[in-house]
Amino acid sequence: MQKMDKIAEFAEITPSAKIMTVAHGWRAKCLQRLVRLDLPVPETVALPAQTVRAIAAGHQVDAAAILAHFGEGALISVRPSPENPDWGGPSTILNVGMNAAGHARLVETHGQAAADALYLRFVQSYATHVARLDPDMFDAAPSAEALKDALRVYELEMDEPFPQEAGRQLSEVLRSMARAWEGTTARLLRQAKGAGPEAGLGLVVQEMAQGIGKGVSGSGVVQFVDPLTGQPQVTGRYLGQSQGRDALKKTEAIYLTRDPRGPSLEDIAPGIFADLVRHGAVCRVKLREEMQIEFTIEDGRLSVLDAVKVARSARAGLKIAVALAEDGIITQDEAVLRVEPRSLTEMLHPQVDPRGPRDVFVKGIAASPGAATGRVVFSSAAAQASAARGEPCILVRRETAPEDIRGMHSAVGVLTERGGMTSHAAVIGRGLGLPCIVGASELKLDAKEKTLTAPDGRVFREGDVITVDGTTGEVLIGATEMLAPALDGSFRTLLGWADAVRDIGIRANADTPTDAATARQFEAQGIGLCRTEHMFFEDDRLVVMREMIFADTSKDRAAALARLLPMQREDFVQLFDIMQGLPVCIRLFDPPLHEFLPHSREGLRELAEALDRPLSEVVRRAEALSEFNPMLGMRGVRLGVVLPEIYDMQAQAIFEATVEIARNGTSVVPEIMIPLVSARREVELVKARVDAVAAKVRTKSGVDFAYKLGVMVETPRAALRAGEIAQHAAFLSFGTNDLTQMTYGLSRDDAGRFMNTYVQQGVFPEDPFHVLDVDGVGELLHIGAERGRKARGDLVLSICGEHGGNPESIDFCRKAGFDYVSCSPYRVPLARLAAAHLALQDRAASGKR
Ligand code: PEP
Ligand code: MG
């Protein structure tokens, strides 16, 4: 077999050597940086990916040349060094070169027990990782007997004595590590972390700095931040007379800093401890990162073997990035880019502490993040009663309907058996910041018996305590340890830096004063969608609303609406007040009217009583309102055209609130949005009436005000006819929930049933209600935007469906020239950061061009 060019085979890691991350891997590059910083790194050589690939293909590496580098009888370690630390790699092998002669020498210098332990450790790892023998056969605590056994078993299994020649050992170790990298499992694992098919493995061969000896000897790891909070804090473990990462595994390991609970490295070797702290500080500044350092001490001499990025929680990652930027070590833009937008969600809500036990009883769709613990309740009434008693509860329903809204407000979490990402429970849950799991279809819910049966047969009753983890979709039994939200100074600072670079607006979907306050807290630039119908589910309003629905004449309807008017006006005054002049986009009434009627016989009877009408009439009228396909029926602008008094009342309430707020010194330009439009004439009809109402309010109040009228594009036809529709609209806001539903012909409330199968079988790459379908729905968005802008150059474009906060949709909207995206208030921080990432990435790409 042809030998490879020797120079290309490996390189000694010196300050000036040509060590490159792409060729030699991150570990080799990091070690070179440590060498340049003058840290006490043992002699190291790096094998580039090209060499390792050749070894895997059968080339013989010049092991003698590598060994010559370390001198006669030296022991060495071999560690993986892929280009990216997240790509994994084969296990490190320590003490290569160990044999009977080395063992005898060690007995002389370090004693029998240390020599046995070290040799045994090498035999164990060689046998299992290189010879691929069963680990159980070598699983014994160190002793002279165990060593003898291990050597015997090896010989028995392999038909040859344990290899004694260091060159042979090293060649075999390198070959097995090189081949392991080529294995299918390793490939799939790294590809899941973003590695390309060509990703190679570098290897690092380093002289062993033994953690055994007569003086202070041992090994440990140290880092300078708390991995969960990111707060500065020396953490780590040290174990005397040990190697590798033993200190992390063994209970006898001691603390690093002085600690009342037991002895520490700072006590036994204060000088070495101080050196470690110094090295840590140098690494932080020069490597521009919080590093975990692996070290050994041999007879009081410190060696730094390795340094890896501290593994960290999302909140720690943010804190570390901000601290590095504030200390001038990285730029603010870099700090922004270092925080993954989706990781922010974890910081906005309490989370299940990952260190605690998890007793999962069912898994559903993680529809609204965060975790909450409470007692199971099966109805909205029970949820309200529970809240009144001050007992946190989890509302469990087959699915939720608008009439459950008050129950949802009273609950700390929601769990439904049915539904998908845009079902009622999911949308409201995200809006309220309420942890929510939907589509837990393996649950058996018996609403009559008030029981909940888990797939494994365990039964839960009203009052039992469960925890809903809306971040993972897991429902846990009982209460769990929680981590508090982390909306601290670092969080605000980072988002402030993000705002400075982003180039698309971020508004919030907010229906209530609480939503609006949350939107402000997260610094949304206005409200992009206020769904007004939610305002009519309050008890006192619901009765009037039902009267309005049952009105026989236009006059009766107007009378009921006149009673709703002051309540609705107050809603808008509150919203305008909270938003303090920021834009507020109010969508006129959208849902089918039957949603406001009771669904049970009992409820209909109560309604008959309240309206003072015979039950039979109420039942007949309710039946008359029911539709085969209500989402495609009498809703949205169709109601506005057929029963125009409703929109008249809403427009009047909006304008009167505008006047009232102007008198208090705040000026708003309300935006009024018409839902479910499919034809230009619908817009013309509504516009004529809204303009007339505005004129009336102006005359009556003597106050002039401006407003904008826009159209919600959520039917495919509205997108196609955007050119003519835009002639009457100051803005178009794409409602991608309905638009997705209608483009696919897929019910947003029922898709959960088969969506998993569809995604698993690759019919859809993702749930299109969750991730915008840029191919189909996206094409309609493009068509609508282009035709709309052509008709009207100053047309404001936005998206307000649930997709609004997703980084993929924001990317799409930026490229399509949209002015803003609007999303649930709790997604606003993520959207702000994602938009900043996209702007910075564009900037970097155009800088390269
Ligand atoms: C939409 O359809 O995208 C939308 C925002 O409206 P709703 O979810 O209220 O139907
Ligand atoms: Mg809609």
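Note: hydrogens, waters and symmetry copies are ignored here, and every other heavy atom, side chains too, is used. All values derive from a computational prediction rather than experimental measurement. We count ligands from 1, going down the list as the structure has it; atoms in each ligand are counted the same way. Sequence positions, counted from 1, serve as the residue numbers for this chain.
Around the Mg ion (ligand 2), the protein N, O or S atoms found under 2.8 Å comprise Glu714 OE1, Asp738 OD2.
Looking at Thr736 and Leu781, their side chains come closer than 4.5 Å, going by heavy atoms from C-beta outward.
Judged by the 6.0 Å distance and 45° axis criteria, Arg507 is positioned over the aromatic ring of Tyr820.
Within the 6.0 Å centre-distance limit, the rings of His782 and Phe812 are counted as a close aromatic pair.
Of the residues listed (Arg748, Arg827, Arg430), the one engaging Glu802 in a salt bridge (charged side-chain N to carboxylate O under 4.0 Å, His left out) is Arg430, and it is the only one.
Ser809 contributes a side-chain N or O that, together with a main-chain N or O of His803, makes up a donor-acceptor pair within less than 3.5 Å.
With 3.5 Å as the limit, one finds a donor-acceptor pair spanning the side chains of Asp469 and Thr472.
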Just list the N/O pairs, ligand 1 to protein, that are under 3.5 Å apart, with the distance for each.
residue  : atom   : partner : partner atom : Å
ligand 1 : 2 (O)  : Glu714  : OE1          : 2.8
ligand 1 : 2 (O)  : Asp738  : N            : 2.9
ligand 1 : 2 (O)  : Asp738  : OD2          : 3.0
ligand 1 : 3 (O)  : Gly735  : O            : 3.2
ligand 1 : 3 (O)  : Thr736  : N            : 3.0
ligand 1 : 3 (O)  : Asn737  : N            : 2.6
ligand 1 : 3 (O)  : Asn737  : ND2          : 3.4
ligand 1 : 6 (O)  : Arg587  : NH1          : 2.9
ligand 1 : 8 (O)  : Arg531  : NH2          : 2.7
ligand 1 : 8 (O)  : Asn737  : ND2          : 2.9
ligand 1 : 8 (O)  : Arg748  : NH2          : 2.7
ligand 1 : 9 (O)  : Arg531  : NE           : 2.7
ligand 1 : 9 (O)  : Arg531  : NH2          : 3.4
ligand 1 : 9 (O)  : Arg587  : NH1          : 2.9
ligand 1 : 9 (O)  : Arg587  : NH2          : 3.0
ligand 1 : 10 (O) : Asp738  : OD2          : 3.0
ligand 1 : 10 (O) : Arg748  : NH1          : 2.9

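In this structure, Tyr758 places its OH atom where only 12 or fewer heavy-atom neighbours from other residues, nucleotides or ligands lie under 6.0 Å away.
A distance of 11.5 Å separates SG in Cys393 from CZ in Phe378, rounded to the nearest 0.5 Å.
Closest heavy-atom contact between Met755 and Phe769: CE-CD1, 4.4 Å.
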